[in-house]
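First comes the structure, then the notes that go with it.
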Amino acid sequence: MGLKIYNTLTRKKQDFSPLNDNQVTMYVCGVTLYDELHLGHARAAVVFDIIRRYLEYKGYQVIYVTNFTDVDDKMIQRAKELKITVFELAERFIEEYFDQMEKLGVKRATYHPRATEHIKEMIELIEILKNKGIAYCVDGDVFFRVRKFPGYGKLSGQSLKELSAGVRIDVDEKKEEPFDFALWKKAKEGEPSWDSPWGKGRPGWHIECSAMAMKYLGESIDIHGGGKDLIFPHHENEIAQSEASTGKEFAHFWVHNGLVTIDNQKMAKSTGNFITLREALEKYDGEVIRYYLLSAHYRSPLNYTKDSLQEASASMERVYNTLESIDEVTFSIKKEANLHKVYPEIESLYKKFFQSMDDDFNTPSALAAIFELVRKANLILEKPSDKNSKLILYEIAEKIRKMGGILGLFQGKKKKLDEKAKDLIQILIDVRNILRQEKRWDLADTIRERLQKLGIHLKDEKDKTSWRISIT
RNA sequence: GGCGGUGUAGCCAAGUGGUUAAGGCGGAGGAUUGCAAAUCCUCUAUUCCCCGGUUCGAAUCCGGGCGCCGCCUCCA
């Protein structure tokens, strides 16, 4: 079975194979560092992290690049408001970005290039376009002459004519035609600027991605990704710039994740309609947020409601409960279990997981396979365990952890308590059990409830009381 | 107005031609428990926005309608 990926360019799911042997080059548009991240950014990051991990699981050597836009209009404005430099603003949000991504379990990219560190490459690219007569300079600004690129509109599925009909922006009088876009912007007073053949200025937004993608990954890349809102104009323009300059196909697969909505309205900073990642992380473990973001197919819209994360948390608890129960039961047979016998029922669900992932990264379906295994395990756990059932349980836990690993879930990075805290809990349990023997239920229940509020769940079993920590 | 997408139970969400429409959350009843929690069992869409059509057979294909969303301006 082979991997199929939906390609925005062809509007079809296509068999995936890399341009070069075993190597996959992947560029994903990153964030502009002018404000906090929200769940929408988190979704894009997690989605492409999954794609990257799955390709790696498949044995490909993935070179993954995602950029930081560290200079643009909004950043300049924000820096002014905060009375700091654009550079300081960028530094602040980069640090926060890595910190939050780590909590979400997003692996670092191979490269995280910053726009301002690639001005030279951008200027070179603009020069090529200018020499070809595709770019033109007007009074310190440089524009891309869209009419000169015949393929313009192929990604967004619109012709130049259709686009022109919908123009509702104030057209810059310097442009020859409304849809020409800026490659280089003339410096304004008090703004960061760089020297160029056309005078002081700064790069337009689209050029950075073309320049950096080509620098790190070559003229043609396997996968280019980003949110659906970037299809037009950003990615359309990237294609125009890149392909006009090289004459080669820029990206073989264009992959776009659906947007996160709240009350069915797009989550966006510009509208004030958003949940920041920080807020979400204050209330829930990063793994819960990650799970939530994977609970819908990556191309579908994902509507956030106030209960979404609670629901995700409850679902994850189910898996963790089972894994812990299995660990308790199979503790003694670990060594033997490593022989890995084959159990057809387990194998078929294991297969379902990979078939789902192969089908354009269908994570909801893949997660369902995990839950079906959880159910099987719970059924076995109901009965008194014998050696054979322990072996099966061990195998199930192994498989769940392996599948979870690909999704970056269920790896048990749970809150650890130090020995003293554990001893304290044990004291409370011992005291409570004395109270229970004396049938002083009100006090016993109070202890249980208060521990519960701290995320420590007590389980009264036949002859002992055990405890565990919840993930949220 | 143009382009793209979407409409599946109380909620979230798979499924895109064929025996019982995944999975999760929530809810109801039962088992278990001192009571809980966890877990198990049963129930919770005779039906997939509506109307036509194609077909032996459609949630799944086609036509029409309605609703919602995104893009066309910065945006993951």
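We name chains A, B, ... by the order of the sequence lines, and we start the count at 1 in each one.
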Return the nearest nucleotide to the side chain of A/Arg432; candidates are B/A38, B/A76, B/G34.
B/G34
When rounded to whole Å, the CG to C1' distance for the pair A/Asn273 and B/C69 reads 13 Å
In whole angstrom, give the distance that lies between atom CD of A/Gln158 and atom C1' of B/G1.
11 Å
Detail all sub-3.5 Å separations between protein N/O atoms and N/O atoms belonging to nucleotides 59-62 of chain B.
none

Reckon A/Leu381 touches a base, only the sugar-phosphate, or nothing at all at heavy-atom distances under 4.0 Å?
nothing
Between B/A37, B/G34, B/A76, which nucleotide has the shortest distance from any of its atoms to the side chain of A/Trp441?
B/G34
With sequence neighbours excluded, tell me which residues meet side chain to side chain donor-acceptor pair (under 3.5 Å) with A/Tyr216.
A/His118
Under 6.0 Å between ring centres, would you say that holds for A/Tyr64 and A/Tyr111?
no
Would you say the side chain of A/Asp307 and the base of B/G10 hold a donor-acceptor pair, judged only by whether the two atoms sit under 3.5 Å apart?
no
Calculate the interatomic distance between A/Tyr304 atom OH and B/C11 atom P; express it in whole Å.
19 Å
Regarding A/His256, tell me which of base, sugar-phosphate or nothing describes its non-hydrogen contacts under 4.0 Å with the strands shown.
nothing
Side chain to side chain donor-acceptor pair (under 3.5 Å) with A/Ser315: which residues, sequence neighbours excluded?
none
Both distances below 3.5 Å, Watson-Crick or wobble geometry, any strand: find the nucleotide opposite B/U54.
none
Taking for A/Asn257 and for A/Ser156 the nucleotide of RNA chain B with the nearest heavy atom, the one nearer the 5' end belongs to A/Ser156
When we call it a touch if two heavy atoms are under 4.0 Å apart, what does A/Ser300 touch: a base, just sugar-phosphate, or nothing?
sugar-phosphate
Within residues 69-82 of chain A, those residues having any heavy atom closer than 4.0 Å to RNA chain B are A/Lys74
Applying the 3.5 Å cut-off to both distances, the Watson-Crick or G-U partner of B/A59 turns out to be none
With heavy atoms under 4.0 Å as the rule, sort A/Leu458 into base, sugar-phosphate or nothing.
base
Show every salt bridge (Lys or Arg N to Asp or Glu O under 4.0 Å) that has at least one partner inside residues 30-51 of chain A, sequence neighbours left out.
A/Asp35-A/Arg78, A/Glu36-A/Arg278, A/Asp49-A/Arg53, A/Asp49-A/Arg290
Short side-chain N/O contact to B/A76 OP1/OP2 from A/Lys266, under 4.0 Å
no
Can you see if the side chain of A/Asn362 gets near the phosphate of B/G15 - specifically, an N or O under 4.0 Å from OP1 or OP2?
yes
Which residues pass the salt bridge (Lys or Arg N to Asp or Glu O under 4.0 Å) test with A/Asp430, not counting sequence neighbours?
none
Pairing nucleotide - B/C74, Watson-Crick or G-U, each distance under 3.5 Å:
none
With sequence neighbours excluded, tell me which residues meet salt bridge (Lys or Arg N to Asp or Glu O under 4.0 Å) with A/Glu95.
none
Spacing of A/Leu373 atom CG relative to B/A22 atom C1', expressed in whole Å:
14 Å
Are A/Phe253 and A/Phe16 close enough that their ring centers fall under 6.0 Å?
yes
When the distance from CD of A/Glu449 to P of B/C35 is rounded to whole Å, what number comes out?
15 Å
Could you list the residues that satisfy side chain to side chain donor-acceptor pair (under 3.5 Å) with A/Ser348, not counting sequence neighbours?
none
Kindly state each residue pair satisfying salt bridge (Lys or Arg N to Asp or Glu O under 4.0 Å) with at least one member in residues 296-305 of chain A, sequence neighbours excluded.
A/Arg299-A/Asp360
Looking only at the aromatic ring of each residue, does the gap between the centers of A/Tyr6 and A/His256 stay below 6.0 angstrom?
no
Assuming nearest nucleotide by heavy-atom distance, tell me which of A/Thr261 and A/Arg11 is located more 5' along RNA chain B.
A/Arg11
Look at the side chain of A/Ala296 and decide which nucleotide, out of B/G5, B/A14, B/C41, has an atom nearest to it.
B/A14
Return the pairing partner of B/G67 with a 3.5 Å limit on both distances, Watson-Crick or G-U wobble; otherwise return none.
B/U6
Pick base, sugar-phosphate or nothing for A/Asn378, based on heavy-atom distances below 4.0 Å to the nucleic acid.
sugar-phosphate
Qualifying residues under side chain to side chain donor-acceptor pair (under 3.5 Å), relative to A/Lys186, sequence neighbours excluded:
A/Asp139
Side chain of A/Leu302 only, heavy atoms from C-beta on: which candidate in B/A38, B/A14, B/A13 is closest?
B/A13
Is A/Arg43 side chain donor-acceptor paired with the B/A76 base, going by distance under 3.5 Å alone?
no
Of the candidate nucleotides B/A36, B/G5, B/A76, which contains the atom at the shortest distance from the side chain of A/Tyr6?
B/G5
Would you indicate, yes or no, if B/A22 has its OP1 or OP2 atom less than 4.0 angstrom from a side-chain nitrogen or oxygen of A/Ser356?
no
Shortest side-chain distance from A/Pro233, nucleotide among B/A76, B/C74, B/A36
B/C74
With a 3.5 angstrom cut-off on both distances, give the Watson-Crick or G-U wobble partner of B/C43, or none if there isn't one.
B/G27
Hey, does A/Lys228 reach any base, or is it just sugar-phosphate, or nothing, if we go heavy atoms under 4.0 Å?
nothing
Please work out if A/Val28 contacts a base, only the sugar-phosphate, or nothing of the nucleic acid, heavy-atom cut-off 4.0 Å.
nothing
Does B/U32 pair with anything, Watson-Crick or G-U wobble, both distances under 3.5 Å, and if so, with which nucleotide?
none
Check each of A/Leu409, A/Leu294, A/Ile406 against A/Thr363 using the side chain to side chain contact (heavy atoms under 4.5 Å, CB included) test, and report the only one that passes.
A/Leu294
Can you tell me how the ring of A/Tyr97 sits relative to the ring of A/His112, calling it parallel under 30°, perpendicular over 60° and tilted otherwise?
perpendicular
I'd like a list of close polar pairs between nucleotides 23-29 of chain B and the protein, N/O only, cut-off under 3.5 Å.
unit_1 : atom_1 : unit_2   : atom_2 : d
B/G24  : OP1    : A/Arg318 : NH2    : 3.4
B/G24  : O2'    : A/Ser315 : OG     : 2.1
B/G24  : N2     : A/Glu311 : OE2    : 3.0

Check every strand shown and say whether A/Gly226 touches a base, only sugar-phosphate, or nothing at a heavy-atom separation below 4.0 Å.
sugar-phosphate
List the residues meeting side chain to side chain contact (heavy atoms under 4.5 Å, CB included) with A/Glu176, not counting sequence neighbours, and say none if there are none.
A/Tyr136, A/Arg145, A/Asp180
With a 4.0 Å cut-off on heavy atoms, is A/Gly30 in touch with a base, just the backbone sugar-phosphate, or nothing at all?
sugar-phosphate
Evaluate the ring planes of A/Trp254 and A/His235, with Trp represented by its six-membered ring, and classify them as parallel (under 30°), tilted (30 to 60°) or perpendicular (over 60°).
tilted
Separation of atom CD1 in A/Ile469 from atom P in B/A37, rounded to whole Å
21 Å
